K.L.:
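Here it is: the structure, laid out below.
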Amino acid sequence: MGNVHNLDTLGKKRRFRDFDDMLRETQYDTVTIRVYGKDYSIPARMPAIIPLLMARHEGDPIMTRKVSLFSAEKLFGDQTILEWTANPDFTLEHLDAILRETFVLIYGPPDAEPEEQIEDDVEKAADKAPK
């Protein structure tokens, strides 16, 4: 994972790792979605900026909307978004649903919410308790 080089900079040796080959050679599967009868295949990966922005702006409804729009453009491309939004019946709710389901295609279903997980753990413990 990356080539290690020793560089001599002004008489000081420092270690340097080159990740260019790794990044260039990384291959991704694809996921395909169908919208208005047309199939769209995208790499099954999320650009790192998307989860970073989501985490940074969590709880801010205005920024959450902007991050959703930015995410859609990064995942599907500007031209695809223009195609979808050219349909007068296409809404932001549709775009949100497409994003959500595409995230599920890429990463699988989200884990249970912490409260739900605690309830499940309590129920499992109660079932195992001696009666």
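These numbers were taken from a predicted model, which means no experiment stands behind them.
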K.L.:
Taking the side chain as every heavy atom from C-beta outward, state whether Ile50 and Lys74 have any atom pair closer than 4.5 Å.
P.N.:
yes
K.L.:
Please verify the inter-ring angle class for Trp84 with Tyr40; under 30° counts as parallel, over 60° as perpendicular, anything in between as tilted.
P.N.:
perpendicular
K.L.:
If Ile, Leu, Val, Met, Phe, Trp and Tyr residues are connected whenever their side-chain heavy atoms lie under 4.5 Å apart, and connections chain through other members, are Tyr107 and Val31 in the same group?
P.N.:
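As far as the 4.5 Å side-chain criterion goes, Val31 and Tyr107 are connected within one cluster.
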K.L.:
With a 4.5 Å limit on heavy-atom distance, are the side chains of Leu95 and Leu69 in contact?
P.N.:
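In short, these two side chains touch, coming nearer than 4.5 Å.
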K.L.:
Might you point out which heavy atoms bring Leu99 and Ser68 nearest each other, and give the distance in Å?
P.N.:
CD1-O, 3.3 Å
K.L.:
Mind jotting down which residue pairs meet the ring pair (Phe, Tyr, Trp, His ring centres under 6.0 Å) criterion with at least one end in residues 41-61? Sequence neighbours excluded, please.
P.N.:
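Of all non-adjacent pairs touching residues 41-61, none passes ring pair (Phe, Tyr, Trp, His ring centres under 6.0 Å).
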K.L.:
Can you tell me how far apart CG (Asp29) and CZ (Arg45) are? Round to the nearest 0.5 Å.
P.N.:
12.5 Å
K.L.:
Taking the side chain as every heavy atom from C-beta outward, state whether Phe103 and Arg100 have any pair of such atoms under 4.5 Å apart.
P.N.:
no
K.L.:
Can you tell me how far apart OG (Ser71) and CE (Met54) are? Round to the nearest 0.5 Å.
P.N.:
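Taking OG in Ser71 and CE in Met54, the distance rounds to 4.5 Å.
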K.L.:
Going by atom types only, do Thr32 and Ser41 share a side-chain donor-acceptor pair under 3.5 Å?
P.N.:
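Their side chains do contain a donor-acceptor pair, which is all the 3.5 Å distance test asks for.
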K.L.:
What are the two closest non-hydrogen atoms of Asp21 and Arg24, and how far apart are they?
P.N.:
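For Asp21 versus Arg24, the nearest heavy atoms are OD1-NH2, 2.5 Å.
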K.L.:
Is the shortest heavy-atom distance from the side chain of Phe76 to the side chain of Val35 under 4.5 Å?
P.N.:
no
K.L.:
Flag the pair Asp60 and Arg65 as a salt bridge only when some basic side-chain nitrogen lies within less than 4.0 angstrom of an acidic carboxylate oxygen.
P.N.:
no
K.L.:
Within a strict 4.5 Å, meaning less than it, do heavy atoms of the Lys38 and Glu83 side chains meet?
P.N.:
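Sidechains of Glu83 and Lys38: in contact.
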K.L.:
So, for Val104 and Pro109, which heavy atoms are closest and what is the spacing to 0.1 Å?
P.N.:
CG1-N, 4.0 Å
K.L.:
So do Tyr28 and Ile106 actually touch side chain to side chain, heavy atoms under 4.5 Å?
P.N.:
no
K.L.:
Please report the shortest heavy-atom distance between Tyr36 and Asp89, naming the atom on each side.
P.N.:
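Scanning both residues, the minimum pair turns out to be OH-C, 4.2 Å.
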K.L.:
Can you measure from CD (Gln79) to CD (Glu73) and round to the nearest 0.5 angstrom?
P.N.:
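One gets 12.0 Å once the value is rounded to the nearest 0.5 Å.
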K.L.:
Within a strict 4.5 Å, meaning less than it, do heavy atoms of the Thr30 and Ile42 side chains meet?
P.N.:
no
K.L.:
Is it the case that over 12 heavy atoms from other parts of the model lie below 6.0 angstrom from the CG atom of Asp39?
P.N.:
yes
K.L.:
With a 4.5 Å limit on heavy-atom distance, are the side chains of Leu75 and Pro47 in contact?
P.N.:
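Yes - at least one pair of side-chain heavy atoms lies under 4.5 Å apart.
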K.L.:
Would you indicate whether Ile62, at its atom CD1, is surrounded by more than 12 heavy atoms from other residues, nucleotides or ligands within a distance under 6.0 Å?
P.N.:
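Atom CD1 in Ile62 is not crowded, with 12 or fewer foreign heavy atoms closer than 6.0 Å.
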K.L.:
Side-chain heavy atoms nearer than 4.5 Å, only ILVMFWY residues, links allowed to pass through others: does that put Ile81 and Leu105 together?
P.N.:
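Yes, one cluster joins them.
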K.L.:
Specify the closest pair of heavy atoms between Thr64 and Gly59, including all atoms of both residues, with the distance to one decimal.
P.N.:
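Nearest pair, atom of Thr64 first, then Gly59: OG1-N, 4.3 Å.
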